[in-house]
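Here the structure is laid out as structure tokens; the discussion comes afterwards.
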There are 2 protein chains.
Amino acid sequence: MGCLISTKGRYALRIMIDLAGNGQGSYVPLKEMAERQDISLKYLESIMPNLIKSGLVSASQGRGGGYALSRPAEEYSIGEILKAAEGDLIPVACLADGYVCPRADSCRTLPVWKKLDGIIGDYLDRVPLSELLTEEETI
Amino acid sequence: MGCLISTKGRYALRIMIDLAGNGQGSYVPLKEMAERQDISLKYLESIMPNLIKSGLVSASQGRGGGYALSRPAEEYSIGEILKAAEGDLIPVACLADGYVCPRADSCRTLPVWKKLDGIIGDYLDRVPLSELLTEEETI
DNA sequence: ACAATTACCTACCATTTTGATAGGTAGATT
DNA sequence: AATCTACCTATCAAAATGGTAGGTAATTGT
């Protein structure tokens with residue numbers, strides 16, 4: 001389909017919203033969230049490590065364990081969540097990390113891609129996670 | 001990789017730039033452009049119908065034939081070119097044409113996707129093809 | 001101590017998309 | 001008539017996507 005944001009990012013966002021609804025105090029088991037959000041537990045298990053690695057959530061094993069936000073919801077941008085979940089968030093392969101295009105210095109379109117990337121990043125970094133919460137979830 | 005714009009869109013843009021360099025008068029054979037741009041002729045052949053369908057270029061068969069811009073370069077936006085080449089240009093599957101999400105009315109993220117889509121479209125629609133031409137190509 | 005609960009890890013897999021190739025057909029020009 | 005050109009159909013390898021399965025290790029309540 002050619003999408004910037006896949007289920008990885010979308011599901012991660014829903015998990016973060018779910019976690020925000022629970023507050024920071026206690027841990028929420030992934031199984032609960034999988035059922036609540038109607039997403040495969042096993043698939044979610046493959047996404048969570050990305051959020052852990054980026055320090056967005058903390059986890060605790062064993063009974064009473066689960067996941068929890070590591071900061072208040074207002075202090076997250078959805079940009080950083082999507083970036084963590086997806087690995088990268090680029091509109092065009094030319095901008096891939098580590099990729100050096102042989103046509104780069106004569107390429108007339110590269111500046112446009114960079115600008116586009118900037119615009120997308122700016123917007124997503126400006127939307128706080130808390131903006132996605134309903135009143136009940138915020139309380 | 002998770003990209004909004006694939007080679008289809010990027011190659012289409014390079015073809016349009018190449019065509020703009022030739023002016024509107026005569027037709028340019030695809031074979032020439034494939035060699036000049038170092039892109040597989042056969043692959044380009046699969047992209048051109050999209051540009052034809054959207055009325056961005058006109059074609060002529062037979063000797064002396066090829067492709068030509070159907071308007072002056074200033075009157076194209078790169079947004080419409082990319083959209084024609086890619087088929088659609090959406091940042092997230094939720095916005096796919098004809099897709100109706102069951103969670104749509106309670107979804108907290110959908111407004112963000114729509115806004116993002118708007119931002120991307122606005123930018124790309126505002127960049128004219130002529131902005132990608134060098135001085136020589138513009139003459 | 002032990003059983004239950006939980007995250008975490010590795011491997012696998014079906015489907016779709018991407019990027020491309022191959023060969024042939026039909027129309028236009030010299 | 002010969003040639004050049006777009007156009008059409010089929011095929012294909014590799015990668016990404018979205019998901020499944022089974023097991024291991026850490027923690028906790030009882």
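All chains are named by letter (A, B, ...) in the order of the sequence lines, taking the proteins before the strands, and each is independently numbered beginning at 1.
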| remark: Between CD of Glu32(B) and C1' of dA6(D) the distance, given in whole Å, is 14 Å
| Heavy-atom closest pair, residues Leu19(A) and Tyr67(A) | CD2-O, 3.3 Å
| Atom-pair distance (CD on Glu86(A); P on dA16(D)), nearest Å | 13 Å
| task | Can you tell me the distance, in whole Å, between the CD1 atom of Ile47(B) and the C1' atom of dC7(D)? | result | 15 Å
| query | Nearest of dC7(D), dT20(D), dG29(D) to any side-chain atom of Lys42(A)? | reply | dT20(D)
| message | Between P on dA21(D) and OH on Tyr43(A), what's the gap in Å once rounded to a whole number? | response | 16 Å
| request: Examine dG18(D): is either OP1 or OP2 under 4.0 Å from a nitrogen or oxygen in the side chain of Tyr11(A)? Give yes or no. | output: no
| said: What's Tyr67(A) touching, base or sugar-phosphate or nothing? Going by heavy atoms closer than 4.0 Å. | reply: sugar-phosphate
| What's the CZ-C1' distance between Arg10(A) and dT17(D), to the nearest Å? | 11 Å
| task | To the nearest Å, give me how far apart CG (Asn50(A)) and C1' (dG18(D)) are. | result | 14 Å
| Can you list every salt bridge (Lys or Arg N to Asp or Glu O under 4.0 Å) pair that touches residues 32-50 of chain A, not counting sequence neighbours? | Asp18(A)-Arg36(A), Glu32(A)-Arg36(A), Lys42(A)-Glu45(A)
| field | Side-chain N or O of Ser40(A) closer than 4.0 Å to phosphate OP1/OP2 of dT20(D) | value | yes
| What residue pairs, at least two apart or across chains, pass salt bridge (Lys or Arg N to Asp or Glu O under 4.0 Å) with a residue in residues 55-71 of chain A? | Arg71(A)-Glu80(A)
Considering only distance and modelled atom types, tabulate donor-acceptor pairs under 3.5 Å from the side chains of residues 110-127 of chain B, sequence neighbours left out.
none

| query | Val28(A) near the nucleic acid: base, sugar-phosphate alone, or nothing, with a heavy-atom cut-off under 4.0 Å? | reply | sugar-phosphate
| For Tyr43(B), what residues pass the ring-ring contact (aromatic ring centres under 6.0 Å, His included) criterion, not counting sequence neighbours? | Tyr11(B)
| remark: Side-chain contact check for Gln61(A): nearest option of dT28(D), dA26(D), dA6(D) is dA26(D)
| How long is the span from the NZ atom in Lys8(A) to the CG atom in Asn50(A), to the nearest 0.5 Å? | 7.0 Å
| field | Bounds of contact between DNA chain C and chain B, in 5' to 3' order, using a heavy-atom cut-off under 4.0 Å | value | dG19(C) to dT30(C)
| query | Does a side-chain N or O from Ser6(A) land closer than 4.0 Å to OP1 or OP2 of dG18(D), or not? | reply | yes
| query | If each of Arg63(A) and Gly64(B) is mapped to the nucleotide of DNA chain D with the nearest heavy atom, which maps nearer the 5' terminus, i.e. the 5' end? | reply | Gly64(B)
| request: Assign each of Gly62(A) and Met48(A) to its nearest nucleotide of DNA chain C by heavy atoms, then name whichever residue's nucleotide is nearer the 5' end. | output: Gly62(A)
| Between Glu45(A) and Ser60(B), which is nearer to the 5' end of DNA chain D once each is assigned its nearest nucleotide? | Ser60(B)
| said: Applying side chain to side chain donor-acceptor pair (under 3.5 Å), can you list everything that pairs with Ser6(B), at least two apart in sequence or on another chain? | reply: Glu86(B)
| field | Between dT17(D) (P) and Ile39(A) (CD1): distance, integer Å | value | 17 Å
